[in-house]
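Working notes, structure below.
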Amino acid sequence: MQYIHIKKWVPDLAYVVGLLVTDGCLSSDGRHVIFTSKDIEAVNNVLKILGATNSVGKTINERSEAYRIQIGSIELYRWLESIGLTPHKSLTIESIKVPDEYFIDFLRGHLDGDGSITTYLDKYNTKKNKKYVYQRLWVRFISGSQKHIIWLRKQITKIIGVKDRIHITKPNNIGNSIYVIKFGKKESIKLLSKIYYSNTLPCLTRKRTIYKKFKNS
């Protein structure tokens, strides 16, 4: 077991909370915090910011492999519970008690966990005119919990002031619904300029690079 005591909110901690809300979980034993990601950079960010010394394992199945850490810390576990995380949270998580001043850092972690940044060239109308080629940009935040996505959307609107659409999907028409907040080009640019407010922030490099290339194109 490790002693990881949270003294106060800081931007990097808010980022880690965003990662744990999406790709982390609290074990049912009341003392272990588990984080799994396909990106070793995200795992290393969690370890570094929390000051944890865990070794990194791998989980492998038929479709993919991911990196996994299990942090044994009753103090960290109880603190995460106090702000809104629970065991088996995927479908039940609701609001997270993150101060508004650190919400953007939390949102960057959320984006690195279960979000996406997508760009592509839209040539749909080139049959009408060859000049009708547009570069598209989409930002998405995803959750299996409707209550969580409603809270997240409310916070984004209040703090950043961008407009969005919510989509509900059911992969392969089976299982539970997935809730998606989706931002178009104009709103995505405004949103991402807030999320990446410094070049020294902890984040997934590959996602920030997509935004930077789009911005500089």
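Values in this document were obtained by computation on a predicted structure and should not be read as measured data.
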Requested in this report: Mark yes when over 12 heavy atoms from residues, nucleotides or ligands other than K154 sit less than 6.0 Å from its NZ; otherwise mark no.
Outcome: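 Open: at most 12 neighbouring heavy atoms sit under 6.0 Å from NZ of K154.
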Query raised in the report: Do the charged groups of E187 and K163 touch, with an N to O distance under 4.0 Å?
Result: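 Salt bridge flag = no for K163 with E187.
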**Report entry** F141 and F183 aromatic ring geometry - parallel, tilted or perpendicular at 30°/60° bounds
**Finding:**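 Plane angle over 60°, so perpendicular.
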Query raised in the report: Would you call the rings of F103 and W151 parallel, tilted or perpendicular, where under 30° means parallel and over 60° means perpendicular?
Result: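 Perpendicular.
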Query raised in the report: Applying the salt bridge (charged side-chain N to carboxylate O under 4.0 Å, His left out) test to D164, which of R140, K182, R153 qualifies?
Result: R153
To the nearest 0.5 Å, tell me how far [X] [atom1] sits from [Y] [atom2].
{"X": "I6", "Y": "S73", "atom1": "CD1", "atom2": "OG", "answer": "7.5 Å"}
{"X": "Q135", "Y": "K213", "atom1": "CD", "atom2": "NZ", "answer": "11.5 Å"}
{"X": "I142", "Y": "H110", "atom1": "CD1", "atom2": "NE2", "answer": "10.0 Å"}
{"X": "I71", "Y": "Q2", "atom1": "CD1", "atom2": "CD", "answer": "6.5 Å"}
{"X": "H148", "Y": "T92", "atom1": "NE2", "atom2": "OG1", "answer": "11.0 Å"}
{"X": "L26", "Y": "L80", "atom1": "CG", "atom2": "CG", "answer": "6.0 Å"}

Main chain of [Y], side chain of [X]: is a donor-acceptor contact present, judged purely on distance under 3.5 Å?
{"X": "R165", "Y": "G184", "value": "no"}
{"X": "D105", "Y": "A14", "value": "no"}
{"X": "K89", "Y": "G84", "value": "no"}
{"X": "K194", "Y": "I159", "value": "no"}
{"X": "S145", "Y": "E94", "value": "no"}
{"X": "K207", "Y": "L111", "value": "yes"}
{"X": "D112", "Y": "C203", "value": "no"}
{"X": "D29", "Y": "R31", "value": "yes"}
{"X": "R136", "Y": "T118", "value": "no"}
{"X": "Y77", "Y": "S27", "value": "yes"}

Query raised in the report: Where do Y67 and K58 come nearest, in terms of heavy atoms and distance?
Result: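 Taking every non-hydrogen atom into account, CE2-CE, 3.4 Å.
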**Report entry** Heavy-atom closest pair, residues I189 and Y211
**Finding:**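 That would be O-OH, 4.3 Å.
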**Report entry** Residues in side-chain contact (heavy atoms from CB on, under 4.5 Å) contact with E101, at least two apart in sequence or another chain
**Finding:**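 With sequence neighbours excluded, E101 shows a side-chain contact (heavy atoms from CB on, under 4.5 Å) to P99, given in chain and number order.
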Query raised in the report: Do W79 and F106 belong together in a cluster built from hydrophobic side chains that touch within less than 4.5 Å?
Result: yes
Report summary line: In short, salt bridge (Lys or Arg N to Asp or Glu O under 4.0 Å) pairs touching residues 68-84 with sequence neighbours left out are none
Report summary line: Partner of D114 under side chain to side chain contact (heavy atoms under 4.5 Å, CB included), picked from V180, T22, I178, is T22
Side chain proximity check, [X] to [Y], heavy atoms < 4.5 angstrom:
{"X": "Y15", "Y": "L19", "value": "yes"}
{"X": "Y179", "Y": "L152", "value": "no"}
{"X": "V98", "Y": "I83", "value": "no"}
{"X": "Y197", "Y": "R108", "value": "yes"}
{"X": "D23", "Y": "K38", "value": "no"}

Query - Which residues share a salt bridge (Lys or Arg N to Asp or Glu O under 4.0 Å) with D12, sequence neighbours left out - result: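 So D12 forms no salt bridge (Lys or Arg N to Asp or Glu O under 4.0 Å) with any residue.
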